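Written below as structure tokens is the structure these notes are about.
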Amino acid sequence: MRKKIVAGNWKMNTLPAEGVELAKGVVAGRGEVCSCVNFIVCPPFTHLSQVAEALKGSDVALGAQNCAAEAKGAYTGEVAASMIAALGCKYVILGHSERRQYYGETSATLNKKMEQAYANHLTPIYCVGENLEEREAGKHFDVVKAQIEEVVYNLTEEQFKELVIAYEPVWAIGTGKTATADQAQEIHAYIRKVLAAKFGAAAAECPILYGGSCKPSNAAEIFAKEDVDGGLIGGAALKAEDFLAIGKGFQK
Ligand code: 13P
């Protein structure tokens with residue numbers, strides 16, 4: 001049985017006090033959702049420690065949105081994996097399309113970040129996904145394959161067993177335009193095939209999340225698909241009620 005995961009990527013939203021309120025709201029309503037759903041919230045670095053406090057005693061896990069490629073030292077403005085782990089993070093989102101697009105993250109950088117994450121016992125949520133031009137040119141399979149081969153294939157079997165993947169088509173992020181459940185299933189199944197080519201049977205255990213305008217009204221249909229194991233949620237994760245409602249989308 002693969003893990004079911006609903007993770008909230010708050011991106012660069014909320015002030016610390018708002019983040020704490022949001023986290024408290026998730027904790028308060030969590031009991032209304034199946035305990036089989038693993039909730040994760042990923043606030044900005046600045047509120048990790050306060051949100052960790054708000055999550056105490058609950059089963060809602062904490063994640064960060066990024067970490068540095070280096071362990072420590074003279075890297076002004078960077079935040080090390082060891083630092084976020086020390087604040088109580090269990091997860092770290094790596095390779096988000098916004099990081100690739102606006103901050104020039106390449107597979108070379110991401111290999112180093114993955115190494116830092118594992119060295120600090122953080123579970124990476126590794127993001128892949130094509131942009132609109134690539135989708136329209138029918139290149140989406142090749143794009144995600146390369147993003148996996150160049151990074152995930154470098155993991156050991158032990159490391160791979162901890163990994164979570166998020167498929168997020170760039171054209172669906174923050175656009176209100178969601179991939180259809182069939183489109184999601186098609187590419188999730190393909191991603192699993194690419195993972196199986198390297199890691200064999202372990203690929204069947206790897207959670208693959210869908211992200212991109214996922215909301216309470218479409219989550220159930222998408223999560224019902226065989227190879228979709230949950231969601232990485234942006235905008236709809238900023239309201240506890242919507243975030244929790246997405247978790248209720250699990251009916252399998
Ligand atoms: P939206 O849910 O706002 O489209 O964002 C998705 C996303 O990028 C999550 O990482």
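The model shown is predicted, which means the values in this text are computed figures rather than measured ones. Just so you know, ligand 1 is whichever comes first in the structure, and atom 1 is the first atom listed for that ligand.
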* Just say parallel, tilted or perpendicular for the rings of His47 and Trp10, cut-offs at 30° and 60°. => tilted

* Go through the steps for Lys56 and Glu53 under the test salt bridge (Lys or Arg N to Asp or Glu O under 4.0 Å), then give the verdict. => CA-CA 5 Å; Lys56 255 194 193 141; Glu53 198 58 39; 3.2 Å; yes

* Say whether Ala236 and ligand 1 are in contact under the criterion: heavy-atom distance to a ligand atom below 4.0 Å. => no

* Asked: Shared ILVMFWY cluster between Leu244 and Ile40, side chains joined below 4.5 angstrom?
  -> no

* Gly174 to ligand 1: N or O pair under 3.5 Å? -> yes

* For Gly235, the ligand 1 atoms whose distance to one of its heavy atoms is below 4.0 Å -> 1 (P), 2 (O), 3 (O)

* At a non-hydrogen distance cut-off of under 4.0 Å, which region of Asn9 contacts ligand 1 (side chain, backbone, both, or neither)? -> side chain

* Top protein contact for atom 9 (C) of ligand 1, by heavy-atom distance -> Glu168 OE2, 2.8 Å

* With a 4.0 Å cut-off on heavy atoms, is Lys11 touching ligand 1? -> yes

* **Polar atom proximity, His96 to ligand 1 (N or O, under 3.5 Å)** => yes

* With a cut-off of 6.0 Å (strictly less than), are more than 12 heavy atoms of other residues, nucleotides or ligands near CD of Glu149? -> yes

* Atom indices of ligand 1, in the order listed, that fall short of 4.0 Å to a heavy atom of Ala172 -> 4 (O)

* If you count the non-hydrogen atoms of other residues, nucleotides and ligands that lie under 6.0 Å from CD in Gln159, is the total more than 12? -> yes

* Check the angle between the aromatic planes of Tyr167 and His188 and answer parallel, tilted or perpendicular using the 30° and 60° thresholds. => perpendicular

* Asked: Quick one: which ligand 1 atoms are inside 4.0 Å of a heavy atom on Gly212?
  -> 4 (O), 6 (C)

* Structure fact -> protein heavy-atom neighbour closest to atom 2 (O) of ligand 1 works out as Gly234 N, 2.9 Å

* I would like to know whether Leu87 and Phe45 meet side chain to side chain contact (heavy atoms under 4.5 Å, CB included); could you show each step before the answer? => CA-CA 10 Å; Leu87 293 181; Phe45 290 134; over 6 Å; no

